[in-house]
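Taking it in order: structure first as structure tokens, then the write-up.
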Amino acid sequence: MNQLNSQKFLAFSGIALLAVLFFAVNIVADDTLKNSRVDLTENGLFTLSDGTRNVLSGLDEDITLQLYYSASLAGAVPEIRNHASRVMSMLEEFRTIADGRIRLELIDPEPFSEHEDAAVDAGLSGVPLGGGGDTFYFGLVGQNTTDDQQIVPFFQPERDRFLEYDLTRLIYGLSNPDKPKLMVITTFPLEFGPGGVQAAMRGESLPYGIMDPLRQFFDVNVPLRQWEEIDPDTDVILLAHARGLTDRQLYAIDQYILGGGKAMVMADVFSEVGVRLPSPGGAPDPLDKHDSLLPKLLDAWGVRIEPGMMVVDRTLATRVNVGRGRRQLIDYIAWIQAAGRALNQDDPVTADLSLPLLLPSIGHIEMAEDSPLKAVPMITSTRDAMRMPTSKIRFRPNPTALQAEFVSEDREFVLAARLSGILPSAFDAAPEGVEAPHLARSAEPVSLIVVADADFIEDSYWLNRRAVFGQEVAQPTAGNANFLINALDNLAGSSDLIGLRSRGEGDRPFVVVEELRRAAEQQYLQQEQELEARLKETEAKLAELQNRAGEGGGQLLSAEEAQAIEAFQKDVSQTRRELRGVQLSLRRDIDELQSTIKLITIGAMPALVFVVAMILALWRRGRRRRSQSLKEA
């Protein structure tokens with residue numbers, strides 16, 4: 001009996017010690033491991049990037065971060081609390097990596113307090129709560145030792161996947177207050193929006209969304225159209241649909257590049273945005289003149305962008321809504337979504353872009369045999385692509401009609417390229433009135449990036465604006481801005497934020513499902529075209545018979561003709577049933593695949609655990625039997 005009591009005592013003591021150990025481990029872990037995480041995502045989406053670590057470890061001055069968080073009011077906005085925990089955790093991690101260079105302060109701006117006044121003075125955005133007059137704050141103020149200040153007005157949960165980028169961008173700006181100088185040469189109204197100066201004078205201007213990230217990283221200069229010189233201190237120039245340039249302006253660009261200046265050229269074969277804008281002279285342009293191919297410069301560089309021809313790609317097509325009333329999704333092959341293998345994975349500008357690029361009606365780049373420059377593709381089409389005249393989309397684009405005309409050329413087209421080499425001047429001599437010495441060729445290899453499209457920086461191709469908590473949130477829907485800023489950063493010599501800026505989207509496409517859909521849609525499209533041809537033939541025949549009846553004074557159709565029409569109508573009905581059958585087969589194949597995926601993802605792990613448990617149970621049972629057999633022996 002004593003032995004039994006002793007065993008019970010030991011058992012209860014063991015349980016008690018385990019409980020104490022459990023709580024002790026949790027307390028210690030909460031204190032020492034609160035910022036530790038295990039990132040099991042394929043691309044390490046929740047692991048700080050090398051760019052962030054480089055920025056933090058390279059700080060050469062102290063930075064103060066003040067996080068204004070209305071903790072006393074957080075109970076009224078539960079959707080914010082989880083996001084707040086993530087923000088605080090990341091800021092703590094930043095402070096640890098910065099090794100003492102970052103000072104973090106957590107401030108609760110209680111209503112009518114001095115802290116609330118400081119939040120308002122700093123420019124933080126508050127969200128009114130209820131009818132009591134309380135305002136909820138959740139923003140960040142950063143300062144360096146020279147009193148430069150940058151802020152995050154409000155941490156929107158919708159931008160959670162951009163949190164690391166937003167924080168690192170703020171710290172980078174404070175540690176590098178002298179931004180590279182960028183000159184933007186364009187006919188797009190980037191600073192005022194589609195309404196131009198007139199809208200700005202009415203207080204209705206809406207600058208292009210691309211201007212915000214440009215100004216965050218560069219000292220941006222958008223000169224008037226009458227400019228004649230480029231500031232020699234300019235680090236990089238951007239030509240974005242630069243139309244109507246004079247010889248003097250082209251010469252200034254030519255000499256700037258030959259003198260060692262960096263440039264990104266976005267030359268459009270047909271600007272869908274430009275169609276809606278007035279020409280540089282003020283009057284509307286003919287529809288066949290909305291290009292910006294800069295032949296004077298490109299010819300000298302040995303670069304050819306085929307005029308009036310865009311690249312369409314069936315594999316990289318963008319899904320769009322078409323039709324009236326009952327709308328349907330269809331692939332619009334004139335808008336290319338470049339991702340994955342379409343992007344050069346060896347180039348730092350495109351290697352880590354996770355959001356696809358949306359490139360509307362883009363041209364292609366070819367190098368002349370005698371070109372002095374070496375071209376390295378940055379963006380390419382797939383082999384399931386072809387060239388198509390831009391006239392097909394000038395008036396009212398028809399995605400179905402474009403697909404009907406598609407015939408793959410079975411070749412890849414270069415859509416954007418990096419150019420380098422010793423470059424000759426496009427001019428034999430300086431224009432009259434220019435006094436600076438003429439450079440006949442570059443002393444060192446030039447560095448250029450050329451893209452055969454400019455429209456992709458317009459808001460509708462990459463940005464979605466909406467109101468959240470009374471504040472406008474600009475949510476990127478494509479990686480267009482990241483690509484542009486990456487390219488300019490790279491040309492200007494800064495690369496710490498390139499990989500970081502490219503992160504932010506963890507969605508992975510269902511490749512097999514997408515291939516099934518495309519295959520079935522191609523089959524559907526082919527049958528639909530046959531149906532439309534038959535319908536047109538029927539209408540023509542009916543019109544002919546009606547005219548004949550009218551000319552004959554009301555003559556009735558013959559029995560044979562009536563039977564032919566009836567037979568054709570039955571054939572049309574049969575074809576429509578076949579079309580519905582194709583769509584049903586598509587849906588059935590996709591549903592079966594999704595069911596299989598769900599079975600694997602939901603049932604595989606429990607099944608694996610069950611199998612492992614059974615194996616362990618059988619192993620332990622066999623071990624006990626062997627042990628008992630040895631004792632009996």
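None of the values given here were measured: they were computed from a predicted structure.
- Other residues, nucleotides and ligands place more than 12 heavy atoms under 6.0 Å from the NZ atom of Lys179.
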Under 3.5 Å, which donor-acceptor pairs link side chains of residues 355-366 to any protein atom two or more places apart or in another chain?
unit_1 : atom_1 : unit_2 : atom_2 : d
Ser361 : OG     : Phe270 : O      : 3.4
Ser361 : OG     : Glu272 : OE2    : 2.8
His364 : NE2    : Glu306 : OE1    : 3.0

Please list every donor-acceptor pair under 3.5 Å in which a side-chain atom of residues 415-426 meets a protein atom from a residue at least two apart or in another chain.
unit_1 : atom_1 : unit_2 : atom_2 : d
Arg418 : NE     : Asp347 : OD2    : 2.9
Arg418 : NH1    : Asn490 : OD1    : 2.9
Arg418 : NH2    : Asp347 : OD1    : 2.9
Arg418 : NH2    : Asp347 : OD2    : 3.2
Arg418 : NH2    : Asn490 : OD1    : 3.1
Ser425 : OG     : Asp254 : OD2    : 2.8
Ser425 : OG     : Phe427 : N      : 3.0
Ser425 : OG     : Phe427 : O      : 3.1

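- In terms of heavy atoms, Gly209 sits closest to Leu463 at CA-CD2, 3.9 Å.
- The ring pair (Phe, Tyr, Trp, His ring centres under 6.0 Å) search around Phe155 returns Phe138, not counting sequence neighbours.
- Remark: side-chain polar atoms of Asp291 are not paired, donor with acceptor, to backbone N or O of Val269 under 3.5 angstrom.
- Side-chain N/O atoms of Asn464 and Thr477 include no donor and acceptor closer than 3.5 Å.
- Looking at residues two or more places apart in sequence or on another chain, you find a side-chain contact (heavy atoms from CB on, under 4.5 Å) between Met386 and Val312, Met388, Phe406, Glu409.
- Residue pairs that meet the ring pair (Phe, Tyr, Trp, His ring centres under 6.0 Å) test with at least one member in residues 219-238, sequence neighbours left out, do not exist here.
- Considering only residues two or more places apart in sequence or on other chains, Thr380 meets the side chain to side chain donor-acceptor pair (under 3.5 Å) condition with none of them.
- Residues forming a side-chain contact (heavy atoms from CB on, under 4.5 Å) with Asp410 (at least two apart in sequence, or on another chain): Arg383, Ser408.
- Thr168 places a side-chain N or O within 3.5 Å of a backbone atom of Glu164 that can act as its donor or acceptor partner.
- Residue Ala492 comes nearest to Val236 through the heavy atom pair CB-CG1, 4.5 Å, listed as atom of the first residue, atom of the second, then distance.
- Taking Gln150 as the reference, Leu170, Leu174 meet the side-chain contact (heavy atoms from CB on, under 4.5 Å) condition, with sequence neighbours excluded.
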Name each donor-acceptor pair under 3.5 Å that joins a side chain in residues 211-224 to protein atoms two or more places apart or in another chain, with its distance.
unit_1 : atom_1 : unit_2 : atom_2 : d
Asp212 : OD1    : Gln216 : NE2    : 3.3
Asp212 : OD2    : Gln216 : NE2    : 3.1
Arg215 : NH2    : Glu191 : OE2    : 3.2
Gln216 : OE1    : Arg169 : NH1    : 3.0
Asp219 : OD2    : Lys181 : NZ     : 3.2

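- Residue pairs meeting the ring pair (Phe, Tyr, Trp, His ring centres under 6.0 Å) criterion with at least one member in residues 291-310, sequence neighbours excluded, do not occur.
- Taking CG from Leu245 and OG1 from Thr187, the interatomic distance works out to 8.5 Å, rounded to the nearest 0.5 Å.
- Every pair passing side-chain hydrogen bond (donor to acceptor under 3.5 Å, both in side chains) that includes a residue from residues 435-454 is listed here, sequence neighbours excluded: Tyr251-His438.
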Show your reasoning for whether side-chain contact (heavy atoms from CB on, under 4.5 Å) applies to Ile449 and Val265.
CA-CA 6 Å; Ile449 290 177; Val265 180; over 6 Å; no
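- Thr350 and Gln345 share no donor-acceptor pair across their side chains, judged by distance under 3.5 Å alone.
- For the side-chain contact (heavy atoms from CB on, under 4.5 Å) test, residues two or more places apart in sequence or in another chain that qualify with Thr246 are Arg248, Gln249.
- Judged by distance alone, the side chain of Asp268 and the main-chain N or O of Asp455 form a donor-acceptor pair under 3.5 Å.
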